[in-house]
Participant: 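Just dropping this structure here.
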Amino acid sequence: MIRRRAILLAALAAAALGAPAAAHSVLVRAEPGRNATVTRPPGRVRLWFSERIEPAYARLSVWSEAGDRVDADDAAVDASAPALLSVTTPGLGPGRYIVRYRVLSVDGHIVESSFAFTVRAAAR
Ligand SMILES: [Cu+2]
């Protein structure tokens, strides 16, 4: 049984080190995009991942530079697109915003990051 135990320990060590796994969800696209500047305020921020994510553990929020939360706290994984996470952002004015997200891949890895986008006042 020593050999079997060694294999088990090796597997646990690999898991603890976060060894690369096949079904690791990474952000592949965002609207607005990373560091994008838009002239039309987005009514919704959308994030597409490479794999489906666990809805119960998905977090997505949007913040102003002053540190105020500006999303409607209704982040959800799309019912028909399990790799799409979005949240509504009503009434954004011009400014720079930070998108924060944290998702759990189906392989158990947590992916957490943030990026910014800017809403520029439309020319009149
Ligand atoms: Cu993974």
Participant: Would you say Asp78's side chain and Ser86's backbone share a donor-acceptor pair under 3.5 angstrom?
Facilitator: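 Here the side-chain-to-backbone pair does not exist.
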Participant: Between atom CZ of Phe117 and atom OG1 of Thr37, what is the distance when rounded to the nearest 0.5 Å?
Facilitator: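 One gets 10.5 Å once the value is rounded to the nearest 0.5 Å.
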Participant: Rounded to the nearest 0.5 Å, what's the gap from CZ on Arg46 to CZ on Arg29? Could you check?
Facilitator: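 Answer rounded to 0.5 Å: 9.5 Å.
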Participant: Using the rule that Ile, Leu, Val, Met, Phe, Trp and Tyr join whenever any side-chain heavy atoms are under 4.5 Å apart, tell me whether Val99 and Val111 fall into a single cluster.
Facilitator: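 Same hydrophobic cluster.
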Participant: Is it true that a side-chain atom of Asp71 and a backbone atom of Ser61 form a donor plus acceptor pair closer than 3.5 Å?
Facilitator: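 Pair absent, no side-chain N/O of Asp71 close to backbone of Ser61.
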Participant: Quick check for you: to the nearest 0.5 Å, what is the distance between Leu92 atom CG and Thr118 atom OG1?
Facilitator: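 Between atom CG of Leu92 and atom OG1 of Thr118 there are 11.5 Å.
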Participant: As an exercise, state the distance from CG of Leu85 to CD of Glu54, rounded to the nearest 0.5 Å.
Facilitator: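 Result: 12.5 Å between the selected atoms.
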Participant: Taking Ser25 for the side chain and Ser105 for the main chain, is one N or O donor matched with an acceptor at less than 3.5 Å?
Facilitator: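 No; zero donor-acceptor contacts below 3.5 Å.
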Participant: Would you say Val45 and Leu84 are hydrophobically clustered, going by side-chain heavy atoms of ILVMFWY under 4.5 Å?
Facilitator: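 No, Val45 and Leu84 fall in different hydrophobic clusters.
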Participant: As an exercise, state the distance from OG of Ser114 to CZ of Arg34, rounded to the nearest 0.5 Å.
Facilitator: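 Ser114 OG to Arg34 CZ: 8.5 Å, rounded to 0.5 Å.
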Participant: With the 4.5 Å side-chain cut-off for hydrophobic clustering, are Leu27 and Val87 part of the same group?
Facilitator: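 Yes; tracing contacts between hydrophobic side chains, which count when under 4.5 Å, links both residues.
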Participant: Tell me the ring-ring contact (aromatic ring centres under 6.0 Å, His included) pairs involving residues 65-95, sequence neighbours left out?
Facilitator: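 Pairs touching residues 65-95 that pass the test: none.
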Participant: Sorted by first residue and then second, give each side chain to side chain donor-acceptor pair (under 3.5 Å) pair with at least one member in residues 89-98; sequence neighbours left out.
Facilitator: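 Sorted pair list: Glu65-Arg96.
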Participant: For Val77 and Pro82, which heavy atoms make the closest approach, and how far apart are they?
Facilitator: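 It is CG1-O, 3.6 Å.
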Participant: Nearest 0.5 angstrom please: Ile53 CD1 to Leu47 CG, how far?
Facilitator: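 These two atoms lie 8.0 Å from each other.
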Participant: According to a hydrophobic-cluster definition based on side-chain heavy atoms being under 4.5 Å apart (Ile, Leu, Val, Met, Phe, Trp, Tyr only), do Trp48 and Phe115 belong together?
Facilitator: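 In one cluster: no.
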Participant: If you link I, L, V, M, F, W and Y whenever their side-chain heavy atoms are under 4.5 Å apart, who else ends up in the same group as Tyr57?
Facilitator: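 Leu104, Ile110, which link up through side-chain heavy atoms under 4.5 Å apart, make up the rest of the cluster.
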Participant: Would you say Val62 ends up clustered with Val38 if hydrophobic residues are merged whenever their side chains have heavy atoms under 4.5 Å apart, either directly or through other cluster members?
Facilitator: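 Yes.
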